[in-house]
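In what follows, every chain begins at residue 1, and chains take the letters A, B, ... in the order their sequences are listed.
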Number of protein chains: 2
Amino acid sequence: MAMKTKDRILDAALHLFNMQGTGAVSTNHIAEAAGISPGNLYYHYRNKEEIIRAIFERQFAALDVAFELPTDRLPTLEDIQSFVRVNFEIMSAYTFIYREMIALLRQDAVLRSRYIAIRARGYEGFQAIIAAYAQSGLLTIPIDDHTITQLADICWLISEFWLSSLDISEQPINDNQFQRGVDLMMLVLKPYFKP
Amino acid sequence: MAMKTKDRILDAALHLFNMQGTGAVSTNHIAEAAGISPGNLYYHYRNKEEIIRAIFERQFAALDVAFELPTDRLPTLEDIQSFVRVNFEIMSAYTFIYREMIALLRQDAVLRSRYIAIRARGYEGFQAIIAAYAQSGLLTIPIDDHTITQLADICWLISEFWLSSLDISEQPINDNQFQRGVDLMMLVLKPYFKP
DNA sequence: GTCTATATCGCGATAGAC
DNA sequence: GTCTATCGCGATATAGAC
């Protein structure tokens, strides 16, 4: 069976948003790209804001899975690396989100609180991993709670904004660049962790 | 003598953009806030894009000064810190810029190339400072060129996106928060530099 | 569910008087 | 330099037929 219209609208919207930004794309454009009439689009979604929210929710669902940590053992540095890499992969499918995120969150309180919750899970992931290391004596330098928080802050900053930084300087977004971001994070952590 | 109309338009636009975002603010709104007619606004600026460019140029001029390094002596860690703090101060007067930057730069190639040039100066500032340390033997660990570049990458990431990160989590933007950003940067550099 | 037709609105931009 | 008046356009959203 063919894909539901409701989903095709989202696919079309995501594609257009990624290429032109949410501001330049109207509901008429989305309807046309989805191969339906403007009126039909409004049967499925109240307005553009709701379409944006639905796309965010798609990404949230993907991130929520990516932010899972192993529960049966202590996380390792490799876990951090794949954690970040998957995060980058998901983000790169939704480029319009990181390009306009702050502005979009400001305009939609529902979206903002949803994002802040998802974000907290990712941040706490970093904190948990670093804290786990600190407790297991795998450190070259002992670190206090404040330093753990700071290291998690930097890790989060890299995972949230590294792709933005590349985008601004017009660099392509690919596996190589993902690795560069991962390497930056490892450089920050390296002085504290045993190899 | 009272301020020129051309400047009052920019002041009004900056204020509205910071509060509501460029998308929600029309030229009519700007004219009203500036206390002039819509027609008069178009006498001074071709369109909204040109107003946005003019505001960017204001910020560029301020950043360009902030990115000056001492030429009569080697830069110090204190130089880095004030460098970043001033950067934060300037950015915080133009919040709409960092909120929408990536999207705005994508829509305006003129703006993008201007920004990339200014940005390069800031980045090279970090690189120069770190390299100066590396050459003067003030390091606890020797570092190669690649590491210098990576450290500069991280420093730049913090200085460019730390305020964005605060904004997303709805934290106030003030001196204390500026200092937190500076502290993060120092944490990254600390393992390599002698106290 | 999907279409066509349409109402309403506000934006960007210009013309022309002063 | 500044104003008023206005045109043309496209966007959002709804009504009603199929």
Starting at atom CD1 of A:Ile30, determine the distance to atom C1' of D:dA11, rounded to an integer number of angstrom. 12 Å
A:Tyr45 OH to D:dA13 P, in whole Å, measures 15 Å
Using a strict cut-off of less than 4.0 Å between a Lys/Arg side-chain nitrogen and an Asp/Glu carboxylate oxygen, indicate whether A:Glu100 and B:Arg99 qualify as a salt bridge. no
Please state how far atom CE in A:Met3 lies from atom P in C:dG1, giving the value in whole angstrom units. 16 Å
If we only count heavy atoms from C-beta on, is the B:Arg121 to B:Leu63 side-chain gap below 4.5 Å? no
Taking only N/O atoms, report every protein-nucleotides 10-12 of chain C pair under 3.5 Å with atom names and distance.
residue, atom, partner, partner atom, Å
C:dC11, OP1, B:His29, NE2, 3.4
C:dG12, OP2, B:Thr27, N, 2.8
C:dG12, OP2, B:Thr27, OG1, 2.8

Please check if the side chain of B:Ser165 supplies one atom and the backbone of B:Phe161 the other of a donor-acceptor pair under 3.5 Å. no
Euclidean distance, A:Ile97 CD1 relative to A:Leu111 CG, rounded to 0.5 Å: 8.0 Å
Tell me: NZ of B:Lys6 to P of D:dT2, nearest whole Å? 12 Å
Counting only side-chain heavy atoms from C-beta out, which of C:dT4, D:dG1, C:dG1 sits nearest to B:Asn40? D:dG1
State plainly whether the residues A:Asp11 and A:Arg58 are in salt-bridge range, i.e. N to O under 4.0 Å. yes
Whole-Å gap separating P (D:dC3) and CD1 (B:Ile36): 7 Å
Starting at CG of A:Leu41 and ending at C1' of C:dT4, how long is that distance when rounded to a whole Å? 15 Å
Rounded distance (Å) that lies between atom P of D:dT2 and atom CD of B:Glu32: 17 Å
Does the pair A:Arg114/A:Glu57 count as a salt bridge with the N-to-O cut at 4.0 Å? yes
Distance check needed: D:dA13 P versus A:Tyr43 OH, whole Å only. 18 Å
